[in-house]
Amino acid sequence: MKTSWRTASLVATAASVLALTTACGQDNATTPASAAQNVGATAAAGDYGSPGSGTASGAGNGYGADGNQSSGSPAPATPAGELDVATNPQLGNVLTDGVGLTLYRFDKDTANPPRSNCDGDCATTWPPVPAADATAGAGIDKALLGEVTRADGAKQLTIGGWPAYRYAKDVNAGDVNGQGVGGKWFALAPTGKKAKLSDLPDLPGLSVRKDAKLGDIVVDKNGMTVYRFMKDQAWPKSVSRCTGACLEKWPAVGPVNADDTEGVKKKGLMPFTRPDGVKQMTVNCWPIYTFSGDKAPGDTNGQGVGGTWYAVSPDGKPVGAPGD
């Protein structure tokens, strides 16, 4: 009987250890996740992509025609507000309006002198951005902001001479559904040029940067600071408690192959599946995020927010957290 009891005990102990070492990594065989946003849309007809063709995004968005609008009744022009810079995984730094909607330029326009060649149905699908109240936010040279008088007498915002537009199928902040439409429409970089990935640093999927105040911290492939949420869980399995509106401010970092990392502790470096089915990366089994308030590589504006968000050290610990 003693031999039988001891054997059973050893088996139970081994099973317990195995559960602890694999619970966080149930999804460790991974490939990088595809981008959540639709980059490089193709126009169904013409050069501007009719909002009535294909599947319209949402009912009405306040930024021009949707699939239910008549081209003869364009929506009132919505003010631009304070322009901002967003970092897109495929396009680098992208110019947005005050509510985060992407701004675009048209290859058939000219910048010197500024001239818009998008009227009629084109201007319904691509509403011109009014110049009146546009101001330059952080990271934008206000000297690049200008205006051009359209054929109907309206003043349209220009960036580096290029007339600026929104896209009717962009409904949410960060959408870039207009990128590449007709081979002539492209997201604007803060300089007025076409946004492109080469504006971003050439980094591994996850790596380590030495911050002057925080020391060694983990950054993503765009050089953006990675954060931990103190309400999350790592053991016995990874759990994210950042959902809904939280994810809009703190986007989850997608899966990264372990071979595509540098300086980050390998143990517990794996993704897990969130309740919504999306895979999220972890460092030492802790879910990781970026912060929408960080606009450029090196920013650490999320550090200490709410006493629950902290930059991540190479071994997954929260940098600067109380008791750390």
Side-chain angles (χ1 to χ4, degrees), residues 41 43 45-52 60-86 91 93-171 173 175-196:
D47 293 324
Y48 51 87
S50 168
N61 56 34
Y63 288 91
D66 59 31
N68 298 319
Q69 270 186 311
S70 161
S71 61
S73 303
T78 305
E82 184 178 64
L83 305 183
D84 203 353
V85 180
L91 303 175
N93 289 333
V94 173
L95 193 65
T96 70
D97 67 8
V99 296
L101 290 177
T102 302
L103 302 188
Y104 297 89
R105 50 176 275 182
F106 185 31
D107 274 0
K108 287 190 175 181
D109 288 349
T110 60
N112 188 21
R115 177 181 173 83
S116 170
N117 289 305
C118 177
D119 297 298
D121 287 345
C122 176
T124 298
T125 304
W126 300 90
V129 179
D133 81 326
T135 58
I140 302 168
D141 184 353
K142 64 180 181 180
L144 295 176
L145 274 61
E147 63 180 40
V148 61
T149 302
R150 297 177 52 78
D152 60 4
K155 302 291 186 182
Q156 181 176 0
L157 174 68
T158 61
I159 307 295
W162 287 98
Y165 306 83
R166 301 182 181 98
Y167 184 42
K169 288 188 178 181
D170 282 353
V171 178
D175 285 352
V176 286
N177 298 310
Q179 175 67 13
V181 167
K184 294 180 173 62
W185 289 93
F186 300 93
L188 274 163
T191 58
K193 296 181 179 179
K194 297 175 185 178
K196 56 183 180 179

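Atom set for the values below is all heavy atoms of this structure, side chains included, hydrogens, waters and symmetry mates excluded.
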Which atom names give the shortest non-hydrogen contact between [X] and [Y], and what distance separates them?
X	Y	value
Val94	Ala187	CG1-CB, 4.0 Å
Ala123	Pro128	O-CD, 3.8 Å
Gly146	Ala131	O-CB, 4.3 Å
Gly183	Asp107	O-OD2, 3.8 Å
Pro130	Ala80	O-CB, 4.1 Å
Arg150	Ser116	NH1-OG, 2.7 Å

N/O donor-acceptor pair under 3.5 Å between [X] side chain and [Y] backbone:
X	Y	answer
Asp84	Gly137	no
Thr158	Glu147	yes
Gln156	Ala164	yes

Are the side chains of [Y] and [X] in contact, using a 4.5 Å heavy-atom criterion?
X	Y	value
Leu103	Leu83	yes
Leu95	Thr102	no
Thr191	Asp141	no
Val181	Tyr167	yes
Pro163	Arg105	no
Asp133	Glu82	no

For this session: Applying side chain to side chain contact (heavy atoms under 4.5 Å, CB included), run through Leu91 and Gln179 and close with a yes or a no.
Result: CA-CA 9 Å; Leu91 303 175; Gln179 175 67 13; 3.7 Å; yes
Exercise. When you check the gap from the basic side-chain N to the acidic O, do Asp109 and Arg115 get nearer than 4.0 Å?
Worked result: no
Problem set entry | Test: Lys169 and Asp175 ion pair at under 4.0 Å | no
For this session: Sort out for me which residue in Thr125, Thr96, Asp97 forms a side-chain hydrogen bond (donor to acceptor under 3.5 Å, both in side chains) with Arg166.
Result: Asp97
Problem set entry | Within 6.0 Å of CG in Asn112, more than 12 heavy atoms from elsewhere | no
Problem set entry | Ring-ring centroid check Trp126 Phe106, cutoff 6.0 Å | no
Problem set entry | Tyr165 and Trp185 aromatic centres sub-6.0 Å | yes
For this session: Compute whether any side-chain donor of one residue and acceptor of the other, for Tyr104 and Asp170, lie under 3.5 angstrom apart.
Result: yes
Problem set entry | Test item: side-chain donor near acceptor, Thr135 and Lys142, under 3.5 Å | no
